[in-house]
Amino acid sequence: MQDILEKLEARRVQARAGGGERRVSAQHAKGKLTARERIELLLDQGSFEEFDMFVEHRCTDFGMEDQRLPGDGVVTGWGTVNGRVVYVFAKDFTVFGGSLSETHARKITKIQDMALQNRAPIVGLFDAGGARIQEGVNALGGYGEVFQRNVLASGVIPQISVIMGPCAGGDVYSPAMTDFIFMVRDTSYMFVTGPDVVKTVTNETVTAEELGGASVHTTKSSIADKGFDNDVEALLQMRRLIDFLPSSNTSPVPELPAFDSADRIDASLDTLIPTNPNQPYDMKELILKIADEGDFFEIQDQHARNIITGLARINGRTVGIVANQPMVLAGVLDSDAGRKGARFVRFCDCFNIPIVTLVDVPGFLPGTAQEYGGLIKHGAKLLFAYAEATVPKITVITRKAYGGAYVVMASKHLRGDVNYAWPTAEIAVMGSKGAAEILYRADLSDPQKIQARIKEYEAQFANPFVAAERGFLDEVIMPHGTRKRIARALNMLRNKELANPWKKHDNIPL
Ligand code: HXC
């Protein structure tokens with residue numbers, strides 16, 4: 001019997017060794033951890049249960065019958081993050097470069113099926129060379145099976161992808177269909193085709209980092225939601241993110257013990273808005289002051305920074321925060337902001353996360369660059385997302401809420417549940433200067449006259465009271481009490497039930 005137990009242990013040791021010492025050292029030399037080391041960091045200590053450790057590929061072409069390594073380039077299983085079940089697969093770059101074979105794909109789809117059936121988040125750690133070249137269509141089919149499951153799980157369980165090394169070819173599309181993509185700076189890159197193929201096809205000379213590094217995907221392309229400095233930071237931040245997320249679309253939003261009083265008053269907010277309406281201020285200050293313990297997990301922090309999106313807790317429960325940022329382009333809505341905001345609002349709505357919207361928006365960005373780039377459709381995405389969302393929606397207008405942007409930003413007209421404004425709010429079709437110059441074009445030649453017209457328009461609309469008189473705002477609140485008012489509103493909306501008309505699915509402007 002002892003003999004049998006020892007044999008099992010020996011096989012386990014062999015499987016855990018991955019591609020061997022040389023390849024593991026090469027992995028470490030690049031500043032990367034191995035697949036199993038990453039899983040150990042992601043999950044609660046000792047909680048990982050590995051599946052399919054002995055699976056090997058079945059390929060007999062190109063001499064592959066002589067190259068078999070247990071595990072076949074991916075480590076899969078489940079464990080817990082702060083006690084909650086999470087499924088995980090981690091590409092093992094030390095085994096065939098983490099490339100995907102038919103059996104490797106089966107290991108992943110097994111975990112995907114279990115995560116979906118048992119309603120728990122799934123995290124994929126990517127570090128791989130794409131389709132196993134020796135396997136041809138078997139590998140392509142394997143990818144297809146993974147993609148199909150990504151789509152079926154979308155909106156049912158949170159799916160998170162972390163790119164921690166090369167991620168090319170077939171490996172990029174699965175992350176692209178998950179809820180979030182995170183990247184490790186300098187050691188990871190993502191592209192459909194690498195620099196060599198780019199050179200052949202387009203004659204463009206580009207490095208892997210320039211083509212698909214974190215520096216590109218967190219800023220220009222917006223493919224990645226955030227970049228981290230190294231593997232350890234990325235994995236610890238994933239633990240933090242998972243704490244914010246419900247396990248599925250039918251699980252309640254997590255509720256953690258709050259050490260921050262829901263009634264907390266913050267007097268400094270009374271002076272947050274500068275006297276000069278054109279002077280910016282940092283909306284993040286307001287977010288950090290209303291969030292429990294100032295804890296805010298920002299999503300897409302380097303892209304479309306004129307709109308802020310991220311997760312926080314108020315009174316222990318997760319909320320999604322969407323806020324215009326006056327510090328960047330005066331908080332204007334452009335195409336990128338429309339897409340970024342819409343995707344986040346839809347994520348929150350999928351998973352029943354209430355949305356708190358903080359508004360200071362001068363409107364949509366004018367100009368040919370925006371119009372040619374599809375501003376109408378991209379702006380409509382955000383409008384559509386807010387309008388279809390059935391989760392509790394709480395809105396606070398701090399200063400400007402002009403034109404279409406007023407309507408878009410979770411206004412009462414889009415089923416905002418509780419709409420507040422600070423006394424500094426200005427709700428109008430446009431800014432007073434622009435409005436007076438259109439209405440009183442004849443007075444433009446007389447600076448005194450036009451100034452008087454601007455003042456007149458300002459007096460009429462540069463306040464929240466016209467909207468409050470119509471009932472478009474539920475109340476004008478003191479800035480210092482914002483956290484308390486939002487916390488109370490969230491509590492009041494806890495049992496909200498609202499359903500949209502039955503449909504197969506909607507047709508959001510893509
Ligand atoms: C089989 C692969 C492999 C692959 C890497 N390896 N990629 N084996 N299939 N796709 C193996 C290598 O042979 C090597 O084995 C080990 O993994 C490490 O690879 P290196 O090249 O030595 O590492 P590095 O220099 O760091 O380069 C990593 C890399 C490069 C950039 C990922 O390996 C690479 O370009 N690979 C091919 C990428 C690619 O074109 N994939 C196919 C995409 S097409 P040894 O034994 O020496 O350790 C695709 C279509 C799917 O995915 C579409 C579905 C819709």
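Atoms within each ligand, like the ligands themselves, are counted from 1 in listed order. All values reported here derive from a predicted model rather than from experimental measurement. In what follows, every heavy atom counts, from backbone to side chain, and hydrogens, waters and symmetry copies are set aside.
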So, using salt bridge (charged side-chain N to carboxylate O under 4.0 Å, His left out) as the criterion, who are the partners of Asp295 when residues are at least two apart?
Arg240, Arg313
Between Arg38 and Asp231, does any side-chain N to carboxylate O distance fall below 4.0 Å?
yes
Counting the benzene-type ring for Trp, do His104 and Phe96 have ring centres under 6.0 Å apart?
no
Under 3.5 Å, which donor-acceptor pairs do the side chains of residues 169-187 form with other protein atoms, sequence neighbours left out?
unit_1: Asp171; atom_1: OD1; unit_2: Lys91; atom_2: NZ; d: 3.1
unit_1: Asp171; atom_1: OD1; unit_2: Tyr143; atom_2: OH; d: 3.2
unit_1: Asp171; atom_1: OD2; unit_2: Gly130; atom_2: N; d: 3.2
unit_1: Asp171; atom_1: OD2; unit_2: Tyr143; atom_2: OH; d: 3.2
unit_1: Ser174; atom_1: OG; unit_2: Asn150; atom_2: OD1; d: 2.7
unit_1: Thr178; atom_1: OG1; unit_2: Ser161; atom_2: OG; d: 2.8
unit_1: Thr178; atom_1: OG1; unit_2: Pro175; atom_2: O; d: 2.6
unit_1: Thr178; atom_1: OG1; unit_2: Phe180; atom_2: O; d: 3.4
unit_1: Asp179; atom_1: OD2; unit_2: Gln159; atom_2: N; d: 2.8
unit_1: Arg185; atom_1: NH1; unit_2: Asp229; atom_2: OD1; d: 2.5
unit_1: Arg185; atom_1: NH2; unit_2: Gly227; atom_2: O; d: 2.9

Between Phe126 and Phe89, ring centroids under 6.0 Å
yes
I need the contact residues for ligand 1: any residue with a non-hydrogen atom closer than 4.0 Å to the ligand, ordered by chain then number.
Arg23, Lys30, Phe93, Phe96, Gly97, Ser99, Gly129, Gly130, Ala131, Arg132, Ile133, Gln134, Leu140, Tyr143, Phe147, Pro166, Gly169, Gly170, Tyr189
For Glu285, what residues pass the side-chain hydrogen bond (donor to acceptor under 3.5 Å, both in side chains) criterion, not counting sequence neighbours?
Lys289
